[in-house]
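Chain identifiers are assigned alphabetically (A, B, ...) following the order of the sequence lines, protein sequences preceding nucleic acid strands; residue numbering begins at 1 within each chain. The figures here come from the full heavy-atom set of this structure, side chains too, leaving out hydrogens, waters and symmetry mates.
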Amino acid sequence: MKKECIAMLLAGGQGSRLYALTSRVAKPAVPFGGKFRIIDFPLSNCANSGIDTVGVLTQYRPLELHRYIGNGQPWDLDRSDGGVHILPPYVREGGSGTWYRGTANAIYQNMDFIQQYHPDHVLVLSGDHIYKMDYAKLLRQHKKAGAACTVSVLEVPRQEASRFGILSADQTGTILEFEEKPAVPKSNLASMGIYVFRWETLRAYLTADEADGSSGHDFGGDIIPKMLAGGEKLTAFRFEGYWKDVGTIDSLWDANMDLLSVKGGVMIYDKRWPVYTRSPTRPPHVTGDKAVLSHSIVTGGCQVSGRVENSVLFHSVLVEEGAQVRYSILMPGVVVQAGARVEYAIVAEGAVIGGGAAVGAPPDGSDAWGVAVVAGGIRVAPYAVVPPGAMIQDTGKGGVQYE
Amino acid sequence: MNNLHGIIFAYETHPGLRELTAHRNTASVPYGGRYRVIDFMLSSLVNAGTDGVGLIVEAGYQSLLDHVGSGKDWDLSRKRGGLRILPPFGSPEKNGRYRGRMDALWGVFSYLNTIRQDYVVLANGDLIASLPLAELLEAHLLSGADITAVCARPHGDAGGARIPFSPNENGLTSHGPAGTAGVREYPRLEVYILSRQLLLSLTEHCAARGIFSFSGDVLGPMASALKISPWFFEGYAHRLESAQGYYACSMDLLNPAIRDSLFHPARAVKTKDRSDPSTYYGPDSRCVNSLVADGCIIEGEVSRCVLFRGVRVEKGAKVTDCILMQGSAVSAGAALKSVIADKNVLVHPGRMLMGHETYPLVIAKNTVI
């Protein structure tokens with residue numbers, strides 16, 4: 001059946017800069033904000049924007065992500081016409097077919113999928129951003145402008161601009177120039193990696209790009225510059241609100257901390273634009289006799305008997321009496337035993353911090369300082385010390401005593 | 001894989017629950033921060049592998065329907081079997097309410113005829129317990145009883161309905177008349193298992209003779225012709241019948257042993273999914289000895305409470321020994337003690353409300369104070 005607009009969600013990236021956190025799962029499946037996984041944000045945005053057909057392109061470590069998405073029911077995307085579809089790379093006739101080689105190539109390899117819906121427009125999203133956005137508004141502006149492509153942009157501080165794809169636009173929003181990570185940025189309008197294309201035009205450019213052996217097959221690096229050079233009309237859609245790329249340990253930690261200001265961050269308590277999630281059934285959390293909870297979020301199944309400040313606790317976390325947790329993110333099932341101290345740390349699923357251990361430390365102004373990371377399932381031995389900035393992936397490494 | 005069907009009698013409204021059942025049946029009374037009473041029996045059935053459950057309702061079941069929906073949150077939205085809501089088939093000669101469980105079963109007799117499984121669990125919608133029903137089925141098959149009744153161990157002088165059993169060579173397997181030597185009465189949880197064949201023939205038998213009560217007739221005069229065995233459930237169980245009982249069994253959740261029994265890791269209690277975010281605790285909040293569901297914003301003081309999803313306790317508010325249901329809000333400077341606030345109750349700043357654990361103050365849904 002024909003759809004006006006369908007979404008293609010790029011979820012195949014490894015997210016290598018999250019290191020230990022993505023050693024076993026794809027970045028979009030990384031837990032975020034107490035109750036969510038990163039991919040909940042674009043999927044919920046689709047559901048809330050009225051986009052009922054979403055292709056999710058997966059490649060790196062897809063099993064947990066596939067299981068999580070399932071039939072799309074948590075996001076109301078379990079449809080008999082449309083709905084969510086998982087699109088891994090596949091083998092074609094004659095043994096051809098390859099892994100996805102770049103974002104544009106991933107869409108190119110799924111052109112047959114898109115064609116089934118005969119869409120007028122295709123929305124291209126990435127699975128590693130935390131934000132709430134009404135894609136219907138983006139689509140409205142795109143249609144009104146009669147653009148071949150509309151790029152969602154936001155203003156970033158000048159000093160950070162060289163980390164992004166930067167574009168310059170005239171007063172009407174028509175894009176004049178686009179530069180991927182420029183050394184000397186000409187503006188502070190950064191691409192958010194969210195594009196809507198007129199499908200017929202995109203199809204032509206994807207086909208041409210595929211034939212270009214020198215191309216990196218990337219939207220920002222190849223397709224957008226080629227469309228500009230080809231004289232297509234590209235417009236910028238100005239987004240206002242919270243948006244965060246959580247591609248690094250620091251930005252993931254920051255985005256979780258942003259959430260703690262109830263009216264800041266990505267506003268998870270705003271019911272007008274809910275973020276849906278597939279949450280395991282857990283009873284409500286319980287607080288003990290001596291529990292202290294301050295400026296923190298706590299999720300079902302947790303048992304807090306110790307002190308928790310400025311932290312994000314996912315479901316089923318146990319903080320024993322006498323344990324202290326500050327400025328940290330504890331993913332599902334983490335145990336912090338009595339007398340342990342966890343500060344400025346991200347502790348991944350199921351890790352156990354032994355009694356009296358110290359993980360991370362407050363910033364001391366030195367260059368070596370960083371958020372400490374304990375990978376999933378690791379047991380940090382009692383009284384062990386995990387220094388700030390350490391990344392504990394394997395039991396027994398790092399020069400400190402781990403079990 | 002499983003051979004068990006569930007029938008839940010969800011039509012009763014216990015008047016003792018006062019305001020809590022003004023808008024709902026006992027089966028859909030909110031309990032335990034995020035659940036409804038019926039979740040426990042539905043989940044017990046599903047966790048035993050049951051994939052067919054009939055819910056007998058009669059009147060005032062909008063709240064229950066809204067909660068269970070298609071049954072998808074219990075994996076009971078199926079092409080074959082799954083959850084079936086069984087409202088009465090209105091007929092001119094029957095203008096009263098179901099007079100008993102046999103009457104209700106006759107009312108849904110055509111549904112009973114479609115049951116594919118060989119064994120049927122009959123349960124009431126007012127039981128809060130996580131029952132290992134697969135073990136019940138096993139025990140039932142092993143004992144060769146016609147009907148196996150789930151019983152609690154007698155403790156103290158706890159009231160409630162009881163069922164007499166007399167000891168014989170196999171332990172307690174025969175259901176003897178009360179008053180006979182050696183006969184002891186055991187608290188019954190109103191959960192029974194029997195074969196589909198027996199259920200069908202009992203229902204027809206009773207309908208033909210105008211017998212409408214299960215406890216009064218099947219377990220009474222008819223019992224001598226049946227082999228009825230007890231099966232003892234050792235975990236936590238509470239039959240919800242009064243506001244005081246509701247208060248007590250809610251506070252029971254603050255006891256870790258009872259929590260472990262109700263939320264047994266092998267038998268997750270499933271409920272309607274709302275995708276609430278986590279609960280936020282403000283910088284000056286205090287929350288001790290409490291059970292708190294997701295989606296709350298706590299900035300005041302909370303002690304020995306059960307807070308449902310989306311409750312707000314503002315800075316300077318103090319809530320002690322209370323049960324606050326979904327969406328309730330306590331404003332700054334207000335103080336509540338021994339209060340059961342139904343859904344969406346709003347307490348304005350500075351109000352003081354106090355009940356007693358023997359007579360908790362129940363505030364009806366949507367009340368603004």
Whatever's closer than 4.5 Å to a heavy atom in chain A on B:Asn289 counts as both

Bottom line for A:Phe314: the part with an atom under 4.5 Å from chain B's heavy atoms is neither

Look at B:Asp294 together with A:Lys35 and state whether they make a salt bridge at an N to O cut-off of under 4.0 Å.
yes

Whatever's closer than 4.5 Å to a heavy atom in chain A on B:Tyr35 counts as side chain

Heavy-atom closest pair (B:Thr279 atom, A:Tyr269 atom, distance to 0.1 Å) is C-OH, 3.6 Å

So CD of B:Glu299 and OG of A:Ser294: to nearest 0.5 Å the spacing works out to 11.0 Å

For B:Thr271 and A:Thr281 the tightest heavy-atom approach is N-CG2, 4.4 Å

Quiz item: Less than 4.5 Å apart, any side-chain heavy atom of B:Pro277 and any of A:Phe36?
Solution: yes

Cut-off 4.5 Å, heavy atoms of chain A, and the answer for B:Arg304 is neither

Next item on the list: Could you go through the side chain to side chain contact (heavy atoms under 4.5 Å, CB included) check for A:Arg282 and B:Phe263 one step at a time?
Entry: CA-CA 8 Å; A:Arg282 292 289 182 279; B:Phe263 304 119; over 6 Å; no

Interface check, chain A: of B:Leu307, B:Leu262, B:Asp276, B:Ile298, most non-hydrogen pairs under 4.5 Å belong to B:Asp276

Note: A:Val298 and B:Ser278 closest approach over all heavy atoms is O-CB, 3.4 Å

Tell me if the CZ atom of B:Phe233 is crowded by more than 12 foreign heavy atoms within 6.0 Å. yes

Ranked by heavy-atom pairs below 4.5 Å to chain A, first place among B:Val306, B:Leu291, B:Val292, B:Val288 goes to B:Val292

Discussion item. A quick test of your reading: do over 12 heavy atoms of other residues, nucleotides or ligands sit less than 6.0 Å from CD of A:Glu240?
Written reply: no

dist B:Ser275:OG -> A:Trp75:CH2 (nearest 0.5 Å) comes out at 8.5 Å

Separation between OG (B:Ser77) and CG (A:Asp78), nearest 0.5 Å, reads 9.0 Å

So that I know where these two stand, are A:His285 and B:Tyr281 an aromatic pair - ring centroids less than 6.0 Å apart? yes

The interface call for B:Arg34 against chain A, heavy-atom contacts under 4.5 Å, is both

Answer key: most heavy-atom pairs under 4.5 Å with chain B among A:Ala291, A:Gly34, A:Pro283 is A:Pro283

Are there over 12 heavy-atom neighbours, none belonging to B:Lys318, within less than 6.0 Å of that residue's NZ? no

Turns out that what part of A:Glu309 lies under 4.5 Å from chain B's heavy atoms comes down to neither

More than 12 heavy atoms of other residues, nucleotides or ligands under 6.0 Å from CZ of A:Arg278: is that the case? yes

